[in-house]
Amino acid sequence: VTGQARSTTEGKDDCVFCQALKLGPGAESLILTQDDLAFTVLNKYPYNPAHLLVLPTRHIADLTDLTKDELLAIQLQIQTGLQIVRQVYSPAAFNLGVNLGRAAGAGLPGHLHHHVVPRWSGDTNFFPLMSGAKVVSESLEQTFSRLWAVYQNGNKK
Ligand SMILES: [Zn+2]
């Protein structure tokens, strides 16, 4: 077995996250917020609605290669993500985590990403009552625009 968590064989050029970064924040990239050190993107293949990914802006595979500033920037964006998803979706709970390396389940191991997954009792196909209407599911575009609106308000402060 030669697989290593530190594998950095996946290059920047064919990295979907680095390609999204080139587009900048918005509906096309699904990036909700971005700064020099970290960014937050809506997962294209969500386990649940409003499943966020928080990543270093640098194409880095392993947590141990991040600087302290990058670690802090990521944690701050996770915190913001929790606050905004709570505000918009009122989930019962969250799963937070990293799959470090392909053998751990990382589909895109070349660019480290933290998962922020809102959870509801009895999910994944159940969506809670919101504003009196039962929403069974929503499109990625709908999720993006709902979260985008709140991220934009936050940035104006
Ligand atoms: Zn990348």
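Order of listing sets the numbers, starting from 1, for every ligand and every atom in it. Just so it is clear, the structure is predicted and the values come from calculations on it, not from any experiment.
- Through direct or relayed side-chain contacts under 4.5 Å between Ile, Leu, Val, Met, Phe, Trp and Tyr, Leu76 connects to Leu72.
- Annotation: protein N, O or S atoms under 2.8 Å of the Zn ion (ligand 1) (waters excluded) comprise Cys15 SG, Cys18 SG, His59 ND1, His111 ND1.
- A side chain to side chain donor-acceptor pair (under 3.5 Å) check over residues 49-58, counting only residues at least two apart or in different chains, returns the pairs Asn43-His51, His51-His115, Arg58-Glu70.
- Under a hydrophobic clustering in which Ile, Leu, Val, Met, Phe, Trp and Tyr are joined whenever their side-chain heavy atoms come within less than 4.5 Å, directly or via other members, Leu37 and Leu112 fall into different clusters.
- Residues Leu32 and Gln152 approach most closely at O-OE1, 4.5 Å, considering heavy atoms.
- Residues Asp62 and Thr64 bring a donor and an acceptor atom of their side chains to less than 3.5 Å of each other.
- Screening residues 79-99 for salt bridge (charged side-chain N to carboxylate O under 4.0 Å, His left out), with sequence neighbours left out, gives no hits.
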